[in-house]
2 protein chains.
Amino acid sequence: MKNVHCDNYHIFFKNLANPLKIGIIASLKEKPSSVNELSEKLGVEQSKLSHSLANLRFCSLVNSKQVGKKRVYSLNKKTILPILRIIDKHRQADCAGCKLK
Amino acid sequence: MKNVHCDNYHIFFKNLANPLKIGIIASLKEKPSSVNELSEKLGVEQSKLSHSLANLRFCSLVNSKQVGKKRVYSLNKKTILPILRIIDKHRQADCAGCKLK
DNA sequence: TATTCATATGAACCTATAAACATATGAAAA
DNA sequence: TTTTCATATGTTTATAGGTTCATATGAATA
């Protein structure tokens, strides 16, 4: 089922404007994971992750599929990786002097 | 002077996660403008714009130059236009059924 | 160098979003 | 068919960020 809403740019970007969600994205970039796996890896409580993942799903930034009892989330790489690449480039070009983490 | 800070992804994206700032970006995409010009065009109070513009400048999403008494802001198109293009593509591919504005 | 125009800054308030915690749902195995 | 594991959802509280308004700074002209 694909009929999600991505109303407007700023709704989409709210997902990227949040450290936890960026953490989730970074983790899913490495490999698809269940909620509990993310919870252990990131040291974050389960319901917090579920709430965040619901937002990410809402704008199709992640996909999920049921695997036994677990639900495995994966990243929509086609959209996200190019964006991250642009940001990295931006930081090198225009933020030369700043404290990158 | 270019030594601004763009600490982290989410700080950068906060600028895009805000309708007013998206409005500013959309307007500057058309043409560079002073604060007062933006104020009239967008129907938004001056100090509100100055605050927003300060954030946008902080992450080098806009540039500014003094022209007489006015300060003219312009868009960092090199970074922003590619991002907007990705989002548009994303909305067509993955948000086929949603209410686009 | 006082005055005006243009923008920036500060601080208090307000609101939207995230955190926290309890509870519900759902899937599979006993 | 109930028990357990895994995730989602609802509600309250806390907090970050935006708005507002008053004031400060800065650039140019008289």
Side-chain angles (χ1 to χ4, degrees), chain A residues 1 4-25 27-28 31-75, chain B residues 1 4-25 27-28 31-75:
Chain A
M1 211 264 269
V4 294
H5 295 265
C6 287
D7 241 17
N8 234 338
Y9 286 152
H10 74 275
I11 293 176
F12 178 93
F13 285 117
K14 277 194 199 305
N15 285 296
L16 302 175
N18 177 290
L20 174 56
K21 284 167 195 149
I22 287 287
I24 292 171
I25 288 170
S27 180
L28 293 181
K31 73 173 206 316
S33 312
S34 70
V35 179
N36 274 339
E37 284 165 355
L38 285 171
S39 181
E40 286 181 28
K41 184 164 177 186
L42 301 175
V44 170
E45 193 242 336
Q46 175 266 316
S47 81
K48 207 170 156 182
L49 286 169
S50 282
H51 280 295
S52 281
L53 287 164
N55 292 331
L56 290 167
R57 238 184 326 169
F58 182 79
C59 284
S60 301
L61 290 179
V62 301
N63 301 113
S64 66
K65 68 173 173 195
Q66 196 74 28
V67 177
K69 287 183 187 174
K70 303 187 170 181
R71 175 166 297 180
V72 174
Y73 284 90
S74 58
L75 196 61
Chain B
M1 211 263 270
V4 295
H5 295 264
C6 287
D7 240 15
N8 234 338
Y9 286 151
H10 74 275
I11 293 174
F12 178 93
F13 285 117
K14 276 195 199 304
N15 284 298
L16 302 174
N18 179 289
L20 173 56
K21 285 169 195 149
I22 286 288
I24 293 172
I25 288 170
S27 180
L28 294 182
K31 73 174 207 316
S33 313
S34 71
V35 178
N36 274 340
E37 284 165 356
L38 285 171
S39 181
E40 285 180 28
K41 183 162 177 189
L42 301 175
V44 170
E45 192 241 337
Q46 174 266 315
S47 80
K48 205 170 157 181
L49 286 170
S50 282
H51 281 296
S52 282
L53 288 165
N55 291 333
L56 290 167
R57 239 186 323 169
F58 181 78
C59 285
S60 300
L61 290 178
V62 302
N63 301 114
S64 67
K65 68 173 174 195
Q66 196 74 29
V67 177
K69 287 184 189 174
K70 303 188 172 182
R71 174 167 298 181
V72 175
Y73 284 90
S74 58
L75 195 60

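The shown structure was predicted, so the numbers you read here are calculated from the model rather than taken from an experiment.
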What residues form a side chain to side chain donor-acceptor pair (under 3.5 Å) with B:S47, not counting sequence neighbours? B:E45
Partners passing side-chain contact (heavy atoms from CB on, under 4.5 Å) against B:K41 (at least two apart in sequence or in another chain): B:S27, B:E30
Protein and nucleotides 28-30 of chain C: nitrogen or oxygen contacts under 3.5 angstrom:
unit_1	atom_1	unit_2	atom_2	d
C:dA28	OP1	A:G68	O	3.4

What pairs of donor and acceptor atoms, side-chain ones from residues 10-24 of chain A against any protein atom, are under 3.5 angstrom apart with sequence neighbours left out?
unit_1	atom_1	unit_2	atom_2	d
A:K14	NZ	B:A17	O	3.1
A:N18	OD1	A:L20	N	2.9
A:N18	OD1	A:K21	N	3.0

Residues of residues 32-42 of chain A with a heavy atom under 4.0 Å from any atom of DNA chain D, listed by number, are A:S34, A:V35, A:N36
B:L56 CG to B:L28 CG distance, which is reported to the nearest 0.5 Å: 8.0 Å
Quick one, B:L38 and B:V44 - any side-chain contact, counting heavy atoms below 4.5 Å? no
Which heavy-atom pair separates A:Q66 from A:K70 by the least distance, and what is that distance? NE2-O, 3.4 Å
Contacts of A:S64 meeting side chain to side chain donor-acceptor pair (under 3.5 Å) (sequence neighbours excluded), chain-then-number -> none
Under a 4.0 Å heavy-atom criterion, DNA chain D is touched by chain A from D:dT4 to D:dG10
Set of side chain to side chain donor-acceptor pair (under 3.5 Å) partners for B:S74, sequence neighbours left out: none
Using a 4.0 Å cut-off on protein heavy atoms (strictly under), produce a 5'-to-3' string for nucleotides 16-23 of chain C with B for base contact, S for backbone-only sugar-phosphate contact, and - for none. -SSSBBB-
Can you name the residues that form a side-chain contact (heavy atoms from CB on, under 4.5 Å) with A:Q46, not counting sequence neighbours? A:V35, A:N36, A:S50
